[in-house]
Amino acid sequence: MLEKLHTLQAEAETAILETNDITALRDLKVKYLGKKGELTSILRGMGGLPAEERPQMGKVANEVRGVIESLLIDRETALEEAELEERLQLEKLDVTLPGISQEIGTAHPLNSMIEKIEDIFIGMGFGVAEGPEVETDQYNFEALNLPKEHPARDMQDSFYINPEMLLRTHTSSVQIRTLEAKKGEAPVRIICPGKVYRRDDDDATHSHQFTQIEGLVVDQNVSMSELNGVLFAFAQKMFGAGIEMRLRPSFFPFTEPSVEVDIYHPEKGWIEILGAGMVHPDVLARVGYDPEVYTGFAFGVGVERIAILKYDIDDIRQLYTNDLRFLDQFKSV
Ligand code: 2U9
């Protein structure tokens, strides 16, 4: 039995030291020291020994158990350390390596231009109003002095959904809705940004959908000189304090008198940037403002037109196609 115990110890020692895996080591513990393990099975045979030999054999058996236990513990510690070391090597982080740069997006030039224009007018006391893109014929045309037979209402020029509904051709309908809601109350000082739709063939300078910002001021004693002052302040803030601006007579059914507003461009000469005028008395009267008491001025800006001019863009379609090579140029704008 003594020999069996020593053989078991030697065998266990070799097996433990040769194991390179924690799970296998736990299996060895069961194999040698478990309830049904080899040491237990040897000890069971102690019953057959003479009584005087049993204490000695018991002592040796305990020593063998102690040796195997400490071998198991040492090996487990060694394997855990090795595993940790391996992980540390594998997961080593070189903090001096250059990082992976993240592409940072930026506002679309059309959106930054809308914001720029809004900021300028907000700075002059205007509020911002918005309204529906699908409009009634009444709000889009009738209320603005564009009667049924007016050429601008032609099916060829607008996107009609049915005889009474269309995609708005300008944001003037938002001003009409605002005036109606104010029920004759003054002052009114609003700008109305938004998408508008016209049946145009798309090319470098035309788009069937574009962005407008229209403005409206209604109060007592509003004059053409206030219109001139507000629009000149806008032109200066947008294009620089030294900009030259002129008004040319024009015609719109909803304003009287009407003007087109040009700025002087050093290379291109006089360029139209917006249209404007004194609100037609019939338009005011129709929404409940007595034209004998109240006057107003209105203007309309094509946002793309201003962006094209300011950023020297050669094709309006570049503002809609989301080509990153184009958009990346506006990171600092
Ligand atoms: C109300 C009364 C009058 C809005 C106006 C213009 C002149 C104008 C164009 C500029 C470039 C349209 O985007 S564009 O093609 N707009 O020239 N718009 S006055 O007049 C109004 C609006 C609302 C109640």
Side-chain angles (χ1 to χ4, degrees), residues 110 113-114 117 121 126-131 133 135 138-146 150 152 157-158 167-200 205-219 222 224 226-228 230-231 234-235 238 247-263 271-289 291 294-309 316 319:
L110 200 49
M113 183 48 80
I114 293 171
I117 299 174
F121 284 105
F126 284 72
V128 179
E130 288 182 4
E133 286 176 33
E135 259 303 356
Q138 169 66 30
Y139 281 111
N140 194 81
F141 288 135
E142 199 82 35
L144 285 145
N145 261 358
L146 285 140
H150 197 282
D157 294 328
S158 325
L167 296 182
R168 68 183 178 195
T169 58
H170 44 199
T171 60
S172 315
S173 47
V174 184
Q175 282 111 296
I176 294 292
R177 286 174 180 277
T178 308
L179 289 176
E180 238 179 35
K182 289 269 230 173
K183 295 191 188 315
E185 210 181 281
V188 175
R189 267 180 115 79
I190 49 162
I191 51 164
C192 306
K195 293 188 182 84
V196 298
Y197 303 83
R198 291 184 190 176
R199 271 206 198 198
D200 249 336
T205 51
H206 296 86
S207 169
H208 62 282
Q209 182 227 291
F210 63 102
T211 320
Q212 263 197 341
I213 295 187
E214 287 201 4
L216 174 73
V217 172
V218 175
D219 203 352
V222 174
M224 195 82 185
E226 189 179 340
L227 174 157
N228 185 52
V230 166
L231 295 182
F234 164 71
M238 181 58 71
L247 308 184
R248 272 182 297 114
S250 186
F251 173 79
F252 304 112
F254 30 80
T255 47
E256 181 58 37
S258 305
V259 290
E260 255 148 30
V261 180
D262 300 340
I263 54 158
I271 297 182
E272 183 192 327
I273 57 160
L274 49 86
M278 299 306 292
V279 180
H280 197 292
D282 291 352
V283 172
L284 285 176
R286 233 183 257 118
V287 283
Y289 285 78
Y294 296 104
T295 49
F297 72 82
F299 55 89
V301 194
V303 181
E304 284 82 348
R305 195 187 180 87
I306 306 291
I308 284 170
L309 200 60
I316 192 171
L319 290 168

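Whatever order the structure lists them in is the order used to number ligands and atoms, beginning at 1. What you see is a predicted model; the values in this text were computed from it and never measured.
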Non-neighbouring partners of S207 that pass side chain to side chain donor-acceptor pair (under 3.5 Å), sequence neighbours left out = none

State which residues pass side chain to side chain donor-acceptor pair (under 3.5 Å) with R177; sequence neighbours excluded, sorted by chain then number.
->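 R177 satisfies side chain to side chain donor-acceptor pair (under 3.5 Å) with E135 once adjacent residues are dropped.
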
Kindly print each ligand 1 N/O atom paired with any protein N/O atom under 3.5 angstrom away, one pair per line, or none if nothing qualifies.
| from | atom 1 | to | atom 2 | distance (Å) |
| --- | --- | --- | --- | --- |
| ligand 1 | 13 (O) | Q212 | NE2 | 2.9 |

Output yes when a side-chain donor or acceptor of R305 lies under 3.5 Å from a complementary backbone atom of T205, and no otherwise.
-> no

When you measure from the side chain of R198 to the backbone N and O of H208, does any donor-acceptor pair fall under 3.5 Å?
->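 Checking the backbone N and O of H208 against the side chain of R198, no donor-acceptor pair under 3.5 Å is found.
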
Measure the spacing between OG of S173 and OH of Y139 and express it to the nearest 0.5 Å.
->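 Result: 9.5 Å between the selected atoms.
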
Residues in salt bridge (Lys or Arg N to Asp or Glu O under 4.0 Å) with R189, at least two apart?
-> E226

